[in-house]
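One structure is given here, and the rest of the page talks about it.
We're numbering straight along the sequence, starting at 1.
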Amino acid sequence: MSLSQHPTLSAPTGSLLDLIGKTPMVEVTKIDTGKCRLFLKLEAQNPGGSIKDRIAVSMIEAAEREGWLKPGGTIVEATAGNTGLALTLVGQAKGYKVLLVIPDKMSKEKIQHLRAMGADVRLTRSDVDHGHPEYYTDMAERLAQQIPGGFFVNQFANSANSEAHVKTTGPEIWEQMGHDVDAYVAGIGSGGTITGVAQYLKSQGSKAEIVLADPVGSVLAGLVNEGKPSPEGSYTVEGIGQNFVPDTAEMDLIDKAYSIPDAEAIATVRELLLKEGILAGSSSGTLIAAALRWCREQTEPKRVVTFVCDTGAKYLSKVYNDAWLADQGMGEREIQGDLSDLISRKYAKGDVVVIGPNDTLDTAFKRMRGADVSQLPVIDEGRLVGILDESDIVHIMNTDEITRKERFAKPVSSAMTRDLDTVQVTEPLDALIPLFDRDRVAIVLDGEQFVGLIARVDLINHLSLNR
């Protein structure tokens, strides 16, 4: 495939807002789609990195027209992150302050991005239901009422949300697909995307099947397929799925729904990167997994459209992090029935961040900070000879006898603990408790071979996943 000899390029613009929409479409060619052709609309190429840029412009401009948002006002919203990024992008371009309420399960990349853009970010609980004062939409509405000039966007009941997709996303899909769409797959976060595009397709006489992609743990798929909510539960996918039906979502437009487990969504989005080279977010994995299910069920060739909703760069610490997946019980590993099942980062696989006895304390501290750990095994010629904890470094730093530079230049061997609290990999869970009672981390050995470390949080996580 060669580059177009006559690419269509736009003239320079004075605002990023002019670049929202008109996103490209690409066909999946290296993943099994059965008899069907699957097309992905690359919404990650919007300036804010997601499909939510479209609704941010629409909802803010509607609020301005209707007098809800005035100069100097504050935009307040409950968001899984992407709507917040979009509202911040558009709001700051228009001179507004932005306050966002975000559930605490969202990726740190999104939160860091929002704060770097100047948004006031308030984290709240992700383990409470709609109606609880700390549920993110309830909290955002309350804050908007308390702030002079505050405007609660409420994407879940804002008609300008779905209208953005009626006016932009739907027409773009219809044009790019040459007016030939057999199925359209989307999720429900706020409900605007699936509703707006479905409304437009039907207005054009399209017979396309409207398919909902829903995470397992969301109640919505059951409402479509069986007329009753699916069992409610927790899920790690961000941005889609709900325990209530948003006002913006017109459920009667939807023909069929698939409940997609986290593991399938994440495996799909990682396969997308490996085979198609597309770095997509977790919700895109749910959408594409559902689209692939639909495609593989067909007995005749069909044309199917779904989205890459946002970029996977926002999920590198989660979806694309093997250690994080293991902590969530979604890693591909065999259960051994011993203490190694608690260790998500094993030394033999190169997953453990280690230090040498002759390395400097400065090097050790940088490795701790970079890996977000508080202790490092000290390895000499493949053998465990000690462990270095943050407190060991503090002890060396707490002296005036030498300069700060000299303190950090001291070797790890001068500070590390040689009296190690080890347990054999075959010992029971109860063997960990005395170590934790002494504020120690458990060093797990298989004979004389170092296997890995177990901290309190690893035990708690293991017990939580295996209730």
Side-chain angles (χ1 to χ4, degrees), residues 49 81 104-117 121 123 236 238 266 270 273 279 281-282 311-328 330-331 333 340 342-398 403-418 420 439-444 450-461:
D104 56 16
K105 76 171 186 176
M106 300 308 157
S107 70
K108 65 182 181 181
E109 289 91 346
K110 285 183 184 177
I111 295 168
Q112 290 168 344
H113 190 170
L114 287 166
R115 286 177 170 153
M117 291 178 71
V121 177
L123 294 181
T236 61
E238 300 180 23
I266 290 170
R270 290 178 67 131
L273 178 58
L279 181 62
S282 58
T311 172
K314 300 172 184 176
Y315 308 87
L316 294 177
S317 65
K318 299 177 75 173
V319 173
Y320 297 95
N321 180 348
D322 290 339
W324 182 85
L325 291 178
D327 288 341
Q328 304 302 310
M330 291 187 286
R333 59 176 180 169
S340 68
L342 281 70
I343 304 172
S344 59
R345 298 162 181 82
K346 293 185 171 65
Y347 175 67
K349 293 185 177 181
D351 297 333
V352 182
V353 179
V354 301
I355 198 73
N358 298 320
D359 289 321
T360 66
L361 294 178
D362 184 52
T363 299
F365 173 66
K366 288 176 179 176
R367 288 189 189 175
M368 285 181 180
R369 186 171 56 182
D372 194 23
V373 296
S374 57
Q375 63 276 316
L376 297 174
V378 184
I379 304 293
D380 188 17
E381 297 182 352
R383 186 170 59 91
L384 180 71
V385 296
I387 190 164
L388 183 73
D389 189 90
E390 290 172 333
S391 60
D392 298 320
I393 299 178
V394 169
H395 181 72
I396 292 292
M397 296 299 113
N398 188 29
T403 66
R404 182 176 301 172
K405 181 178 180 180
E406 290 172 320
R407 296 175 212 168
F408 276 102
K410 290 177 74 67
V412 166
S413 59
S414 68
M416 70 184 192
T417 300
R418 291 180 168 81
L420 303 178
D439 290 329
R440 299 294 185 93
V441 64
I443 302 167
V444 183
F450 174 54
V451 179
L453 303 177
I454 299 177
R456 288 189 185 92
V457 68
D458 299 313
L459 175 59
I460 296 170
N461 190 57

**Study point:** Trace of the side chain to side chain contact (heavy atoms under 4.5 Å, CB included) decision for Leu420 with Leu384
**Key:** CA-CA 10 Å; Leu420 303 178; Leu384 180 71; 3.9 Å; yes

Check your understanding: Quick one: does Val378's side chain get under 4.5 Å of Val354's, heavy atoms only?
Key -> no

Exercise for review: Check whether any side-chain heavy atom of Val441 sits under 4.5 Å from a side-chain heavy atom of Ile387, and report yes or no.
Suggested key: yes

Exercise for review: Say whether, by atom type as modelled, one donor and one acceptor occur between the side chain of Thr360 and the main chain of Lys410 under 3.5 angstrom.
Suggested key: no

Review point. Does the side chain to side chain contact (heavy atoms under 4.5 Å, CB included) test come out yes or no for Ile355 and Met416, once each step is laid out?
Key: CA-CA 10 Å; Ile355 198 73; Met416 70 184 192; over 6 Å; no

Check your understanding: Any side-chain heavy atom of Val353 within less than 4.5 Å of one from Arg345?
Key -> no

Review point. Quick one: does Arg367's side chain get under 4.5 Å of Leu376's, heavy atoms only?
Key: yes

Practice item. Begin with the C-alpha distance, continue with both residues' side-chain angles, and end with the deciding distance and a verdict on side chain to side chain contact (heavy atoms under 4.5 Å, CB included) for His113 and Lys110. Key: CA-CA 5 Å; His113 190 170; Lys110 285 183 184 177; 5.6 Å; no

Practice item. With side chain to side chain contact (heavy atoms under 4.5 Å, CB included) as the test, would you mind laying out the steps for Ile443 and Leu453 before giving the verdict? Key: CA-CA 5 Å; Ile443 302 167; Leu453 303 177; 3.8 Å; yes

Check your understanding: Would you say the side chain of Arg369 lies within less than 4.5 Å of the side chain of Lys366, judging by non-hydrogen atoms?
Key -> yes

**Study point:** Minimum side-chain heavy-atom gap Glu238-Lys314 below 4.5 Å
**Key:** no

Review point. So, do Val352 and Pro377 sit near enough that their side-chain heavy atoms are less than 4.5 Å apart?
Key: yes

Study note, to complete from the structure: Between the OG atom in Ser414 and the CG atom in Leu361, the distance rounded to the nearest 0.5 Å is 5.0 Å

Practice item. Can you measure from CD1 (Ile454) to CG (Leu342) and round to the nearest 0.5 angstrom? Key: 4.5 Å

Review point. Any side-chain heavy atom of Tyr320 sitting closer than 4.5 Å to one from Ile266?
Key: no

Review point. What distance separates Ser282 OG from Arg270 CZ, expressed to the nearest 0.5 Å?
Key: 12.5 Å

Exercise for review: Kindly say whether Phe450 contributes a backbone atom to a donor-acceptor pair with the side chain of Arg383 at under 3.5 angstrom?
Suggested key: no

Practice item. Nearest 0.5 Å please: distance from the CG atom of Asp392 over to the CD atom of Gln375. Key: 10.0 Å

Review point. So, for Pro411 and Pro357, which heavy atoms are closest and what is the spacing to 0.1 Å?
Key: CB-O, 3.7 Å

